[in-house]
Amino acid sequence: MAGERGAAMRATGATAACGGALLAAALLLTGCQGSGASRAASEKPVRTVGPVGTGGVFLGAGACASRGRERVTEVPCGSERAAARVVARRTGRLGEGPACPARTDFVLHISQARPAADEDGDGEVARGYACMRNLEPPHPGDPGGGGGPRTVAGDCVYGSGRGEVRETACDGSGRRPEYRVKAVVRTRAACAPGTDLYVAVGGARPVGCAVRLA
C-alpha cells in the first residue's frame, strides 16, 4: 500500500525486573541495590517483527502503525489498518534515552536499517524506539490497565517471588491484584503513612507508594 513504511522492530510492554529483594515482616519489599523497593516486572511477551522497507523519519511522532504477528508497518492514520499512534519517538536504546509518556500502551524497538541500494532516496532508519498508544481500547498503559512500559499511580501489582512484583489489571481480569500504587514520588520518605509496599518504578520519581488491597 502506498505510504506504508517499515523496519525491523520488537514490541514490549514494561520494565525489567530487579532481583534480590526480600519481603519483610512489615510487608515492605526491601533490597534492590539498597533502595528499599521492589522492581515492577512485565508479563507482556516480547514480539519480534520482520524487516520491510525503509523511510526518512520512520514512525515519527504522530505517525500511525499497523499491528501484525510478523511485522509492523507505518500506515496513514486514516487507514483501516492503523492500530496505534506514535506519542513520542526516541533515538538510541530504550533505557538510555528519555522515558516514554506515562500512558504509553507499548513500545516498538526499531532496529537500524541501511539499504544496500537507495534507489528512492529514502535513506536509512536509525536505531530507536517509538512510544505507542492504541487508537482504540484497551489501553494497558492507563492507570490500572495492567500493562504499558511504566508503572504509574493507579496501577496494581502482585508479588511474584524473589522480591519482584508484576503489574496486573486492577479490575481483576488478569492475575488477582494485591497492591495498588497510590502515588509516585522522589523518595520513600515522601510516601504517605500506611504505605505497605515501595515499588521501584524508575524515572525522575523512582518510588511507587503502594497499599495492600483487601
Side-chain angles (χ1 to χ4, degrees), residues 11-47 84 87-88 90 93-107 109 129 131-134 137-214:
T12 189
T15 57
C18 173
L22 300 175
L23 184 61
L27 297 181
L28 303 180
L29 284 177
T30 60
C32 223
Q33 298 180 349
S35 66
S38 171
R39 184 78 169 191
S42 171
E43 286 192 286
K44 286 173 167 280
V46 173
R47 182 166 57 88
V87 295
R90 317 294 195 197
R93 296 177 182 273
L94 183 65
E96 296 176 353
C100 284
R103 295 200 173 189
T104 299
D105 287 329
F106 63 99
V107 178
H109 300 262
Y129 54 100
C131 309
M132 310 295 296
R133 183 166 174 86
N134 296 326
H139 293 292
D142 284 354
R150 298 177 57 185
T151 299
V152 299
D155 280 339
C156 292
V157 299
Y158 69 91
S160 61
R162 301 186 308 279
E164 298 173 359
V165 294
R166 293 181 180 272
E167 192 175 327
T168 187
C170 291
D171 63 7
S173 58
R175 181 71 176 262
R176 185 179 69 84
E178 297 176 356
Y179 302 89
R180 185 190 296 270
V181 178
K182 302 294 288 186
V184 176
V185 297
R186 294 185 182 277
T187 66
R188 287 177 56 177
C191 289
T195 296
D196 296 310
L197 184 75
Y198 300 103
V199 182
V201 300
R205 294 177 178 270
V207 180
C209 315
V211 296
R212 180 179 287 277
L213 298 174

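In this structure, Val165 and Thr151 have side chains that are not in contact, with every pair of non-hydrogen atoms separated by 4.5 Å or more. Glu167 places none of its side-chain heavy atoms less than 4.5 Å from the side chain of Pro177. Residues Cys100 and Val87 are not in side-chain contact: their nearest non-hydrogen atoms beyond the backbone lie 4.5 Å or more apart. Using a 4.5 Å heavy-atom threshold, the side chains of Pro149 and Cys131 count as separate.
Asn134 meets the side chain to side chain contact (heavy atoms under 4.5 Å, CB included) test with Arg67, Ala84, Asp105, Phe106, His139, Pro140; sequence neighbours excluded. Residues that satisfy the side-chain hydrogen bond (donor to acceptor under 3.5 Å, both in side chains) test with Arg133, not counting sequence neighbours, are Asp142.
Between Cys191 and Val185, the shortest heavy-atom contact is SG-CG2, 3.9 Å. Between Tyr158 and Arg176, the shortest heavy-atom distance links the atoms CB-O, 3.7 Å. In terms of heavy-atom proximity, Val201 sits nearest to Val184 at CG2-CG1, 3.8 Å. Taking all atoms of both residues into account, the shortest heavy-atom contact from Pro101 to Arg150 is C-NH1, 3.8 Å. Ala153 and Lys182 get closest at one heavy-atom pair: CB-O, 4.0 Å. Shortest non-hydrogen contact noted between Val107 and Thr104 is CG2-CG2, 4.4 Å.
Among residues at least two apart or in separate chains, disulfide (SG to SG under 2.5 Å) pairs with a member in residues 160-190 are Cys156-Cys170.
Thr168 places no side-chain N or O within 3.5 Å of a backbone atom of Gly174 that could act as its donor or acceptor partner.
Atom OG1 of Thr195 and atom CZ of Arg212 lie 13.5 Å apart (nearest 0.5 Å).
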